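Because the structure is a prediction, the values reported are computed rather than measured. Quick note: residue numbers are just sequence positions, from 1. Only this structure's heavy atoms are used, side chains among them; waters, hydrogens and symmetry mates stay out.
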Amino acid sequence: MPENPNPQGKGLRPVLAFLEESRAPALMAQPKQIKQISLELFTSLFVLESDFKFKPVRGNTYWLYQKNGRFWLSPIHPDEWSEDVYGRYIGECELHEDMTWSLEMCEEAAADPQLMASLEQRWESFEEAMEESETVEDALPRYQGQMPFYQRAYAFALAHSLRASMQGSGIQALSYREAQAQLPDDSGADAT
């Protein structure tokens, strides 16, 4: 029997099957307003820009670390490593059914002023990019050639899912400011 010519399973058929599988959550995507869309997009891209070389599974929990200025996503809990191996523990991540990521930072990381300033700067750059996009749909990730395979594939699936959510709420063709203007005014909620 001949050896498997594709031992990693990254040939055309597995790639096409993965992309088709990752598009399925968009069929169930719930309408979302711009505040939720922008937060999920920012968090998901932050996680996808970290280093990892495995295929994350929807519904599973992963852990984010920082070492030598880089972020690393791992399926291994921080109690199972020493800090020397993967670096400082940042927080717990989860890949949701709709292909968005959440990040719950640990107390130590959330109390680090340097890390928080870095994240604030990233958020400001992200918002500038959102405001510069003609429509909120245009701000979604396109082909991310600089990303490794899994990060690129999950960015594609994320964009597909968030696009469906924006279509459901009718904001995909609006600018970022126009979509924000549709949010309910919370200023009177505290006045009693």
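Here the side chain of Tyr154 pairs no donor or acceptor atom with the backbone of Leu95 at under 3.5 angstrom.
Residue pairs meeting the salt bridge (Lys or Arg N to Asp or Glu O under 4.0 Å) criterion with at least one partner in residues 104-126, sequence neighbours excluded, are Glu49-Arg122, Arg88-Asp112. Residue pairs that meet the salt bridge (Lys or Arg N to Asp or Glu O under 4.0 Å) test with at least one member in residues 161-181, sequence neighbours left out, are Glu131-Arg177, Glu137-Arg163.
Residues meeting the side-chain contact (heavy atoms from CB on, under 4.5 Å) test with Asp138, sequence neighbours left out: Ser133, Glu134, Thr135, Arg142. Residues forming a side-chain contact (heavy atoms from CB on, under 4.5 Å) with Thr100 (at least two apart in sequence, or on another chain): Lys32, Glu40, Ser44, His96, Asp98, Leu158, Leu162. Partners of Asn60 under the side-chain contact (heavy atoms from CB on, under 4.5 Å) rule, at least two apart in sequence or in another chain, are Val57, Tyr62. For Glu80, the salt bridge (charged side-chain N to carboxylate O under 4.0 Å, His left out) test picks out no residue, with sequence neighbours left out. Applying the side-chain contact (heavy atoms from CB on, under 4.5 Å) rule to Ser169 yields the partners Pro31, Gln33, Ile171; only residues at least two apart in sequence or on another chain are considered. In this structure, the side chain to side chain donor-acceptor pair (under 3.5 Å) partners of Tyr176, at least two apart in sequence or on a different chain, are Glu127, Gln180. Residues satisfying the salt bridge (charged side-chain N to carboxylate O under 4.0 Å, His left out) criterion with Glu94, sequence neighbours excluded, are absent altogether. For Phe126, the ring-ring contact (aromatic ring centres under 6.0 Å, His included) partners at least two apart in sequence or on another chain are Phe42, Trp123.
Criterion: ILVMFWY side-chain heavy atoms under 4.5 Å apart, direct or through other members. Under it, Leu174 and Leu39 are not part of a common hydrophobic cluster.
Here the straight-line distance linking atom CH2 of Trp72 with atom NZ of Lys53 works out to 6.5 Å at 0.5 Å rounding. Atom OG of Ser165 sits about 10.5 Å away from atom NE2 of His160, to the nearest 0.5 Å. Taking CD from Gln167 and CD from Gln172, the interatomic distance works out to 5.0 Å, rounded to the nearest 0.5 Å. Remark: Leu48 CG to Arg152 CZ distance equals 12.0 Å, nearest 0.5 Å. Atom OG of Ser50 and atom CD of Gln66 lie 11.5 Å apart (nearest 0.5 Å).
Ring-plane geometry between Trp63 and His77 is classed as perpendicular, the angle between the planes exceeding 60 degrees on a 0 to 90 degree scale with a lower cut at 30.
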Leu73 and Trp101: CA distance, side-chain angles, deciding distance, side chain to side chain contact (heavy atoms under 4.5 Å, CB included) verdict: CA-CA 12 Å; Leu73 190 67; Trp101 286 87; 3.7 Å; yes

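Only one option out of Phe52, Tyr89, Phe46, Tyr65 pairs with Phe71 in a ring pair (Phe, Tyr, Trp, His ring centres under 6.0 Å); it is Phe46.
In this structure, Val136 and Ile37 have side chains that are not in contact, with every pair of non-hydrogen atoms separated by 4.5 Å or more.
When all heavy atoms are compared, the tightest approach of Met130 to Ala139 is SD-CB, 3.3 Å. Residues Ala109 and Ile90 approach most closely at CB-O, 3.5 Å, considering heavy atoms. Heavy-atom minimum distance, Ala159 versus Pro141: CB-O, 3.4 Å.
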